[in-house]
Amino acid sequence: MEKPHGPPLSRGRHGWSAGALHVLGETPTAMNVFSHFRGEIAALVERLSAAGALPAGLDTSRVTVEPPRDPAHGDLATNAAMVLAKAAGKPPRAIADAIATELRKHPSIEAAEIAGPGFINLRVRADFWRERLFDVLREGLAYGDSGLGKSEAVNVEYVSTNPTGLLHVGHARGSVFGDVLASLLAKAGYKVAREYYVNDAGKQVEALRDSFIGRLKQQCGEPIPDSAFGTIYQYPGEEIADAARAALAADGARWRALALAASPDAVALDAAQRFAVGYMMDRIREDLAALGVRHEVFTSERHDLVEKGKVDAALEALTGLGHIYTGVLEPPKGKTPEDWEPRPQTLFRATNFGDDVDRPLKKSDGSWTYFASDIAYHLDKFRRGFRTMIDVWGADHAGYVKRVAAAVKAVTDGAGTLDVKICQLVRFLDRGEPVKMSKRAGNVITVRDVVDRVGKDVMRLIMLTRKNDAPLDFDFAKVEEQSKDNPVFYIQYAHARCCSVFRQVREVFPNIDTKDSRLMGISLNLLTDSGELGLIKALAAWPRTVEAAAEAHEPHRLAFYLYDVAAAFHGHWNRGKDEPGLRFIVEGNEPLTLARLALVRGVQLVIASGLGVIGVTPVEEMR
RNA sequence: GCUCCCGUAGCUCAGAGGAUAGAGCAACGGUUUCCUAAACCGUGGGCCGCAGGUUCGAGUCCUGCCGGGAGCGCCA
């Protein structure tokens with residue numbers, strides 16, 4: 001991603017450890033304050049070693065710099081003294097003393113205090129924080145972009161619902177989660193591929209085809225009752241009737257001939273299947289677009305794997321590695337199915353790679369199992385250059401994680417890693433009452449239904465208000481409420497308030513120039529209030545939040561962060577109600593107003609930047 | 001029976017191996033009907049399910065239990 005480079009403003013002006021920073025190779029992207037000072041402290045430890053105050057060759061990899069739990073302790077806390085104590089052969093507090101003494105000489109450090117078992121609490125000078133606000137203004141929406149990923153290729157696969165019906169609400173969470181995770185990783189400097197796996201090879205798509213043909217027959221006048229769909233024909237969904245209508249509208253003669261044929265040949269059947277799958281995928285893509293979810297790669301199980309022989313090839317590879325054998329599985333313990341019979345099967349030695357039992361690769365009719373194509377699919381991703389793969393699945397697939405992770409390990413010979421993110425169920429409620437998920441027989445509530453009702457912004461943000469592996473409540477009454485209890489409203493409102501300040505300032509200062517270029521040229525020394533500095537500190541936490549969320553594959557952290565920033569902003573705004581001197585627009589004092597506008601602009605940019613990753617529109621006005 | 005996920009304030013949940021564990025709601029007590037936009041300020045509330053272990057340090061990592069949810073040969 002293109003962004004203006006150039007070192008942070010504090011660099012080089014003072015000369016403290018200027019050389020050491022280069023040794024550490026810190027990237028000149030927007031500063032992650034915490035990793036910045038981690039680097040400073042690591043360099044300092046080296047200098048103390050060189051001077052003989054500490055032993056040489058200390059390992060500083062476990063040194064962390066974090067926000068202290070209690071803000072009263074300062075801006076930053078480091079555990080350096082404690083993690084170095086053992087190797088240095090000195091008590092933590094002695095090391096802390098040495099480090100703190102040096103840190104007090106640092107031009108950006110106002111105070112360094114030793115606390116508890118050997119923490120060093122740092123207070124950073126206000127000037128340093130004010131310069132971080134310039135970082136925000138300079139980088140704009142790109143603030144928070146990170147080089148963390150070092151352009152490493154990562155494949156994120158999400159949604160991947162079967163093309164046998166529409167995208168129902170149950171798929172919304174994984175869709176949003178995957179989409180935002182992909183955006184987040186891109187912001188953190190990874191090269192991301194957004195992928196959808198189309199399961200168009202199994203019996204289910206044949207059943208779709210047959211239901212589609214049934215609908216064709218019905219629409220061509222054959223006496224097939226609606227009750228046949230869901231019984232004789234597997235899929236009852238109205239969308240399959242839509243598909244039939246679309247087919248007849250496009251080429252009536254051709255599809256009528258197929259519908260009325262006594263026994264269609266294989267070519268005709270295949271054409272019907274392709275049409276039905278194509279139609280469903282179009283509808284799914286439309287609904288995903290309405291939700292703002294996009295993919296770059298659609299991999300077809302049938303066309304890209306099976307027909308290209310990649311399933312056979314993958315299984316041959318596994319065989320070559322010695323991970324496949326023929327054997328008989330034990331029945332599942334505790335609950336043996338009625339029709340259980342011991343039978344020799346083609347098995348993958350999953351137990352060698354952390355799974356609990358070996359897994360079958362062939363069905364009794366000799367065809368590959370779904371698991372077999374999944375192995376081929378992940379090998380295919382790996383061969384396309386993705387060592388890191390992330391799959392986003394629904395809770396109902398949780399039991400499948402171990403075997404696929406085992407297969408990835410086996411088939412890539414340990415070189416590929418798979419992280420499966422499981423999204424727990426969403427309970428859709430209205431005023432606390434569960435919402436029925438089926439409208440009438442065979443017609444479930446779709447993602448589109450909900451997006452049409454509440455909008456994509458609400459849908460997306462709410463889906464990130466919980467950790468992926470915790471269940472989530474989606475209450476229609478609550479998410480549409482305009483109050484501070486609604487996180488969507490609360491965050492949007494903070495952004496809208498920022499916009500409102502810029503609109504209103506013209507009434508007081510008709511000719512004021514509030515362009516970023518102007519704001520970057522002013523002095524921020526007038527920002528002295530604790531609320532103002534607190535807001536800047538909140539903004540300065542954005543790069544760290546992006547990096548941490550990306551590393552953990554946890555996009556929900558962005559939503560929580562934005563809520564915190566909004567809370568800090570609303571809190572400061574509210575203080576201005578009682579103390580007019582704290583308001584952003586100060587009549588008769590343009591320099592102060594400009595400094596505060598810079599702060600408002602920073603809040604606006606960071607919220608817009610964060611909402612951008614989440615895929616939510618930052619609104620300029622509440623309505 | 002086995003596997004995975006969850007268990008943190010009355011409720012819904014945050015919590016990146018660090019200090020005296022946080023937020024919102026609810027409860028309680030006050031303020032305000034202002035116009036800078038949909039309220040604001042404050043208070044109380046906790047064996048972080050239980051028991052061990054690793055660690056200088058565990059809500060966080062490991063093991064075992066207890067409780068809740070999901071899944072469990074060839075479907076996808």
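All chains are named by letter (A, B, ...) in the order of the sequence lines, taking the proteins before the strands, and each is independently numbered beginning at 1. FYI, side chains are in, hydrogens and waters are out, and symmetry mates aren't considered; it's all heavy atoms of this structure. Worth saying up front: this structure is predicted, and the values here are computed from it rather than measured.
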Answer with base, sugar-phosphate or nothing: what part of the nucleic acid does A/Ala77 contact at a heavy-atom distance below 4.0 Å?
base
Does any nucleotide pair with B/rU3 by Watson-Crick or G-U wobble geometry, both distances under 3.5 Å, and what is it?
B/rA70
Separation of the C1' atoms in B/rC40 and B/rU60, to the nearest angstrom:
36 Å
Check for a donor-acceptor pair, side chain of A/His323 on one end and backbone N or O of A/Phe348 on the other, with a separation under 3.5 Å.
no
Write down the distance between OH (A/Tyr563) and P (B/rG24), rounded to a whole number of angstrom.
7 Å
Nucleotide opposite B/rU54 in a Watson-Crick or G-U pair, distances under 3.5 Å
none
Would you say A/Asn574 reaches B/rC40's phosphate, i.e. side-chain N/O to OP1/OP2 under 4.0 Å?
yes
Donor-acceptor pair, side chain of A/Asn79 and main chain of A/Thr64, under 3.5 angstrom
yes
Walking RNA chain B from its 5' end, the first of A/Arg575 and A/Arg403 to be reached, judged by nearest nucleotide, is A/Arg575
Any idea which of B/rG57, B/rA38, B/rG24 is nearest the A/Arg62 side chain?
B/rG57
Considering only B/rA19, B/rC74, B/rU36, which nucleotide approaches the side chain of A/Trp573 most closely?
B/rU36
For the pair A/Asn121 (side chain) and A/Ala77 (backbone), establish whether a donor and an acceptor sit closer than 3.5 Å, ignoring hydrogens and angles.
no
Rounded to whole Å, CD1 of A/Ile422 lies from C1' of B/rC72 at a distance of 14 Å
Atom CH2 of A/Trp393 and atom P of B/rC5: how far apart are they, to the nearest Å?
14 Å
Please report, rounded to the nearest Å, how far the P atom of B/rU36 is from the CZ atom of A/Arg596.
16 Å
Suppose you measure atom P in B/rG44 against the same atom in B/rG67; what distance do you get, rounded to whole Å?
36 Å
Heavy atoms only, 4.0 Å cut-off, all strands: where does A/Pro68 land among base, sugar-phosphate and nothing?
base
C1' spacing across the pair B/rC13 / B/rG59, given as an integer number of angstrom:
14 Å
Under 4.0 Å, heavy atoms only, any strand: does A/Arg93 hit a base, just the sugar-phosphate, or nothing?
nothing
Cationic tip of A/Arg596 within the cone over A/Phe584's six-membered ring, i.e. under 6.0 Å and within 45° of the normal?
no
Quick one: which of B/rG71, B/rA76, B/rA19 gets closest to the side chain of A/Asp396?
B/rG71
What's A/Val357 touching, base or sugar-phosphate or nothing? Going by heavy atoms closer than 4.0 Å.
nothing
Which is true for A/Ser483 with a 4.0 Å heavy-atom rule: it touches a base, it touches only sugar-phosphate, or it touches nothing?
sugar-phosphate
Using the C1' atom in both, what is the distance from B/rU32 to B/rA39, to the nearest Å?
8 Å
List, with names and distances, any nitrogen or oxygen atoms from the protein found under 3.5 Å away from nitrogen or oxygen atoms belonging to nucleotides 14-17 of chain B.
{"from": "B/rA14", "atom 1": "OP1", "to": "A/Lys467", "atom 2": "N", "distance (Å)": "3.0"}
{"from": "B/rG15", "atom 1": "OP1", "to": "A/His556", "atom 2": "NE2", "distance (Å)": "3.0"}
{"from": "B/rG15", "atom 1": "OP2", "to": "A/Lys467", "atom 2": "NZ", "distance (Å)": "3.4"}
{"from": "B/rA16", "atom 1": "O2'", "to": "A/Glu66", "atom 2": "OE2", "distance (Å)": "3.2"}
{"from": "B/rA16", "atom 1": "N6", "to": "A/Arg544", "atom 2": "NH1", "distance (Å)": "3.3"}
{"from": "B/rA16", "atom 1": "N1", "to": "A/Arg544", "atom 2": "NH1", "distance (Å)": "3.3"}

Quantified in whole Å, what is the P atom distance between nucleotide B/rA9 and nucleotide B/rC48?
9 Å
Within less than 4.0 Å of OP1 or OP2 of B/rA38, is there a side-chain N or O belonging to A/Lys577?
yes
A/His397 on top of B/rG71's base, within under 5.5 Å and under 30°?
no
Go ahead and name the base partner of B/rC28; Watson-Crick or wobble counts if both distances stay under 3.5 Å, otherwise write none.
B/rG42
Look at all strands and tell whether A/Glu621 reaches a base, only sugar-phosphate, or nothing, counting heavy atoms closer than 4.0 Å.
base
Is there a salt bridge (charged side-chain N to carboxylate O under 4.0 Å, His left out) between A/Asp469 and A/Lys421 once you walk through the steps?
CA-CA 8 Å; A/Asp469 47 16; A/Lys421 304 300 283 187; over 6 Å; no
Distance check, P atoms only: B/rA58 and B/rA51, in whole angstrom units.
15 Å
Take the protein atom CD of A/Gln424 and the nucleotide atom C1' of B/rG68, then report the distance between them rounded to whole Å.
12 Å
Considering every strand shown, what is the Watson-Crick or G-U wobble mate of B/rC47 when both distances are under 3.5 Å?
none
Send over the distance from A/Phe348 CZ to B/rG73 P, rounded to a whole Å.
18 Å
Look at all strands and tell whether A/Lys402 reaches a base, only sugar-phosphate, or nothing, counting heavy atoms closer than 4.0 Å.
sugar-phosphate
By nearest heavy atom, map A/Tyr400 and A/Tyr490 onto RNA chain B; which one lands nearer the 5' end?
A/Tyr490
Strictly distance-based, threshold 3.5 Å: is any side-chain N or O of A/Thr369 a donor or acceptor partner for the main-chain N or O of A/Ala372?
yes
Could you check how far CG of A/Asp374 sits from P of B/rC75, rounded to whole Å?
11 Å
Categorize A/Ala85 for me: base, sugar-phosphate, or nothing, with a 4.0 angstrom heavy-atom threshold over every strand shown.
nothing
A/Tyr490-A/Tyr563 aromatic ring centre distance below 6.0 Å
yes
To the closest 0.5 Å, what do you measure between NZ (A/Lys203) and CD (A/Gln234)?
10.5 Å
P atoms of B/rG49 and B/rA16, separation to the nearest Å:
15 Å
With rounding to the closest Å, how many angstrom separate the C1' atoms on B/rC62 and B/rG17?
13 Å
Considering Watson-Crick and G-U wobble pairs with both distances under 3.5 Å, what does B/rA16 pair with?
none
Using ring centroids (six-membered ring only for Trp), state whether A/Phe177 and A/Tyr158 fall under 6.0 Å.
no
Can you identify which nucleotide, out of B/rA38, B/rC75, B/rC56, has its nearest atom closest to the A/Met82 side chain?
B/rC56
Exam field: side chain A/His171 to backbone A/His168, donor-acceptor pair closer than 3.5 Å:
yes
Rounded off to whole Å, could you give me the CD1-to-P distance for the A/Ile585 and B/rC35 pair?
16 Å
What distance do A/Thr78 atom OG1 and A/Met82 atom CE have between them, rounded to the nearest 0.5 Å?
7.5 Å
Which part of the nucleic acid, if any, lies within contact of A/Arg497, taking any heavy atom under 4.0 Å across all strands shown: a base, the sugar-phosphate backbone alone, or nothing?
sugar-phosphate
Hey, does the side-chain of A/Asn121 have a donor or acceptor N/O within less than 3.5 Å of a partner on the base of B/rA19?
yes
